[in-house]
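Take a look at the structure set out below.
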2 protein chains.
Amino acid sequence: MTETTKPRRAQILDSASRLFSERGYHATSMRDLAGDLGMQGGSLYAHISGKEELLIEIVNVASRQFDEALFTLRDVQLPADEKLREAMHRHIRVVADNMDSATVFFHEWKHLSPEAYARVTGWRDSIDAFYRELITRGISEGTFRADLDPRMTAYLVLSAVNWAYTWYRPGGPLTPGDVADSFADMLLGGLRSEIGSTA
Amino acid sequence: MTETTKPRRAQILDSASRLFSERGYHATSMRDLAGDLGMQGGSLYAHISGKEELLIEIVNVASRQFDEALFTLRDVQLPADEKLREAMHRHIRVVADNMDSATVFFHEWKHLSPEAYARVTGWRDSIDAFYRELITRGISEGTFRADLDPRMTAYLVLSAVNWAYTWYRPGGPLTPGDVADSFADMLLGGLRSEIGSTA
DNA sequence: ACAAGTGCCAAACGCCCGTTAGGCTGCGTG
DNA sequence: CACGCAGCCTAACGGGCGTTTGGCACTTGT
């Protein structure tokens, strides 16, 4: 009995993350969720205030993790290419370490109430701005090609790291670091061989 | 005979695409959908057999368009880099020209019944295979770098073209062709400047 | 031993869901 | 004019939804 079992609330959030990510928020009933935990629907309300609280908390935890992962990189002095690689490492690690809540985050944030919705779009914009600034600086430093459009470049990088939630499987042969390095190598160096790259 | 009801049916499918993409499949009720068309919930059933038929048809139309766009490229003789660019052009055009049904396609296919679900995963695999083969051939032809992993490369390309459904806005300053060219330039040539690219 | 507190259950609440049934209206055709 | 028949209506069906309530069993502190 010395082993401390997770608080009931945390168990509920874990189950909710998994079920919401597998079936979707609206397609998961409170009775489904309770059944997954071996209890009755009404019993959940001793621990939570309602269904939306679960969604809000899952999305908040996910967005906070993205935020923290990249925030500490903002003022690090590093060549732009290395910094981009490091950002992708951290970004993909957050996705990979939280596949369920990341999936919920990407799929269900539209169903949040207006304030929570606004907070998510705010996060989106700040992540966007982080990558755009990184790229803009890389261009002015001469590390990145001068003809890049920072907005499109940020979209491309974000596509790569975000879309991973649809195909990455933890426990498979690839670590999050493998994925990040592979993507960074291709993005930074390009797909074309030296011979093939004419102009 | 079925031809006569087609216009109304098409209107229903259009409304359903828009509402499903905005609110999600389960969060859109048949009464919502009917209201959007100025009718009562029950009246829909003169034109369709049920709610899932709408989802199936929307997803089928979308997947067929992806299929057709890339199928005719399979046997075209073209250098791998040009062929990849053309594939991205077509792929992004399908997304951009069908934002609503593409969004439904990417978000709601998990909620399909088993057979329809299997058909979608089949499509997914075939698109995947298309890009992998294209890249594998490009490597053996010397157009692409020899150290590329075709699987990871396909993921990267698919990330770029698929994720567009989350941010692209038709009618904005960017045409689908602009997006495809921009992404193809960055992917093929890499982000690094000539000076910065040391090995 | 007893009171307080915790965690859960069983039942019910009002509401909305997808879907069906039956009837009314207005049109095109014999 | 009579007919059939789309196309839509209103009303209702059984059922599942999120949530609330009251009470029972068990643990804990004194």
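All chains are named by letter (A, B, ...) in the order of the sequence lines, taking the proteins before the strands, and each is independently numbered beginning at 1.
Qualifying salt bridge (charged side-chain N to carboxylate O under 4.0 Å, His left out) partners for B:Asp100, counting only residues two or more places apart in sequence or in other chains: none. Judged as a salt bridge (charged side-chain N to carboxylate O under 4.0 Å, His left out), and not counting sequence neighbours, B:Arg64 has no contacts. Every residue was checked against the salt bridge (charged side-chain N to carboxylate O under 4.0 Å, His left out) condition with A:Asp67, not counting sequence neighbours, and none meets it. Among residues two or more places apart in sequence or in another chain, the ring pair (Phe, Tyr, Trp, His ring centres under 6.0 Å) test is passed with A:Trp109 by A:Tyr117.
OP1 or OP2 of D:dC8 has at least one side-chain nitrogen or oxygen of B:Arg8 nearer than 4.0 Å. The phosphate of C:dC8 has OP1 or OP2 within less than 4.0 Å of a side-chain N or O from A:His47.
For the segment residues 18-34 of chain A, residues with any heavy atom less than 4.0 angstrom from an atom of DNA chain C are, sorted by number, A:Arg31.
Looking at heavy-atom distances under 4.0 Å, B:Gln40 makes contact with a base.
For the residue pair B:Ser17/B:Asp14, the side-chain donor-acceptor check at 3.5 Å is not satisfied.
A cation-pi geometry, defined here as NZ or CZ lying under 6.0 Å from the six-membered ring centre and within 45° of its normal, does not hold between A:Lys110 and A:Tyr25.
Ring orientation note: the planes of A:Trp167 and B:Tyr155 are close to parallel, at an angle under 30° on the 30°/60° scale.
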Find every protein N or O atom lying less than 3.5 Å from an N or O atom of nucleotides 20-28 of chain D, and list the pairs.
none

